[in-house]
Asks: 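Handing you this structure, nothing more for now.
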Amino acid sequence: MLSNKLKQLRNTTHLTQSEFAKKIDVARTTYAMYEQGKREPDYETLKKIASFHGVTTDYLLGSEDLNRNNDDSNDEEFNKWLNDPRSKILFKEFNESSEEQKEALLKMWEFLKSQGKL
């Protein structure tokens with residue numbers, strides 16, 4: 001269902017409804033109705049949402065299972081990451097962390113990126 005996918009995707013970005021609504025140029029109340037299933041976005045808004053999240057409109061509408069845009073460069077990058085033993089260690093450690101620890105790790109990662117150290 002579209003409303004569930006919208007909420008799930010927005011939550012992965014850690015944005016509020018208001019923050020996300022601004023990014024796609026709609027009112028917060030309008031976006032809230034999308035997530036509640038009381039209203040559906042027009043085609044242009046649907047494209048903005050899909051583009052922001054890196055998914056297809058077909059995925060949002062339930063016609064496609066693959067949730068991320070699929071191109072060869074992403075596949076190659078993902079396979080490189082998947083085959084790096086360090087990635088497996090990081091994934092295992094992250095996966096076994098508490099929610100509080102995960103949030104702290106993500107904040108640290110963002111800090112390092114902002115400092116140009118990643």
Side-chain angles (χ1 to χ4, degrees):
M1 181 170 224
L2 176 62
S3 59
N4 292 336
K5 287 182 182 178
L6 293 177
K7 187 172 186 176
Q8 179 186 15
L9 288 168
R10 181 183 54 80
N11 285 335
T12 65
T13 66
H14 303 288
L15 294 173
T16 65
Q17 286 181 343
S18 181
E19 291 167 333
F20 187 72
K22 286 179 187 174
K23 293 191 178 294
I24 60 168
D25 296 320
V26 298
R28 187 209 56 82
T29 53
T30 301
Y31 185 77
M33 284 191 236
Y34 298 161
E35 286 192 4
Q36 294 166 8
K38 294 180 180 176
R39 190 169 172 183
E40 292 189 353
D42 61 38
Y43 183 65
E44 289 304 313
T45 303
L46 193 67
K47 287 192 320 184
K48 288 179 185 179
I49 294 168
S51 176
F52 180 88
H53 290 298
V55 299
T56 63
T57 55
D58 284 344
Y59 169 75
L60 291 175
L61 297 173
S63 304
E64 183 180 280
D65 289 334
L66 182 63
N67 70 341
R68 299 286 172 198
N69 287 335
N70 194 11
D71 66 31
D72 291 339
S73 65
N74 285 342
D75 286 347
E76 186 178 320
E77 234 176 89
F78 178 73
N79 285 329
K80 185 177 176 182
W81 175 83
L82 189 62
N83 292 317
D84 186 333
R86 297 171 296 183
S87 299
K88 293 174 185 173
I89 292 168
L90 288 171
F91 178 77
K92 183 178 184 298
E93 293 292 326
F94 186 81
N95 198 38
E96 293 173 353
S97 298
S98 69
E99 286 302 313
E100 187 176 300
Q101 291 168 324
K102 287 177 184 177
E103 286 300 316
L105 287 167
L106 291 172
K107 285 179 183 176
M108 179 60 75
W109 186 265
E110 289 301 318
F111 173 75
L112 291 171
K113 280 178 29 182
S114 74
Q115 300 297 308
K117 297 184 181 190
L118 292 179

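Along the sequence shown, the residues carry numbers beginning at 1.
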Asks: Rounded to the nearest 0.5 Å, what separation is found between the OG1 atom of T29 and the CZ atom of R39?
Replies: 8.0 Å
Asks: Atom CD in E96, atom CD in Q101: separation rounded to 0.5 Å?
Replies: 10.5 Å
Asks: Minimum heavy-atom separation for L105 and S97, please, with both atom names.
Replies: CD1-OG, 4.1 Å
Asks: Any side-chain heavy atom of T30 sitting closer than 4.5 Å to one from T45?
Replies: no
Asks: Do you know which two heavy atoms are closest between I49 and F20, and how far apart they sit?
Replies: CG1-CE2, 4.1 Å
Asks: Roughly how far, to the nearest 0.5 Å, is CG of L6 from NE2 of H53?
Replies: 7.0 Å
Asks: As an exercise, state the distance from CG of N95 to CG of L90, rounded to the nearest 0.5 Å.
Replies: 12.0 Å
Asks: Are any of the side-chain nitrogens in E110 or K113 under 4.0 Å away from the carboxylate oxygens of its partner?
Replies: yes
Asks: Provide the closest heavy-atom pair for S3 versus G37 in the form atom of the first, atom of the second, distance.
Replies: CB-N, 3.6 Å
Asks: If hydrophobic clusters are built from ILVMFWY residues whose side chains come within less than 4.5 Å, do L46 and V26 share one?
Replies: yes
Asks: Is the count of non-hydrogen atoms from other residues, nucleotides or ligands lying under 6.0 Å from F111 atom CZ greater than 12?
Replies: no
Asks: Can you see which heavy atom on L106 is nearest to which on H14, and at what distance?
Replies: CD1-NE2, 4.3 Å
Asks: Considering only heavy atoms from C-beta outward, does the side chain of T56 approach that of S63 to under 4.5 Å?
Replies: no
Asks: Rounded to the nearest 0.5 Å, what separates atom CG in D42 from atom NZ in K47?
Replies: 10.0 Å
Asks: May I ask you to check whether over 12 heavy atoms, not counting those of K7, lie within 6.0 Å of atom NZ?
Replies: no
Asks: Would a 4.5 Å heavy-atom cut-off, applied to side chains only, mark L9 and F52 as touching?
Replies: no
Asks: Is it the case that one hydrophobic cluster holds both I24 and Y59, taking links as side-chain heavy atoms less than 4.5 Å apart, direct or via other members?
Replies: yes
Asks: Closer than 3.5 angstrom, by distance alone: can the side chain of R28 be matched with the main-chain N or O of A21 as a donor-acceptor pair?
Replies: no
Asks: For L60 versus L2, what's the shortest heavy-atom pair and its separation?
Replies: O-CD1, 3.4 Å
Asks: Given E35, which of Q8, K5, R10 fulfils the side-chain hydrogen bond (donor to acceptor under 3.5 Å, both in side chains) condition?
Replies: R10
Asks: Are there over 12 heavy-atom neighbours, none belonging to K23, within less than 6.0 Å of that residue's NZ?
Replies: no
Asks: Can you tell me if CD on Q36 sees more than 12 non-hydrogen neighbours from other groups inside 6.0 Å?
Replies: yes
Asks: What about F94 and L112, same hydrophobic cluster or not, with Ile/Leu/Val/Met/Phe/Trp/Tyr joined at side-chain heavy-atom distances under 4.5 Å?
Replies: no
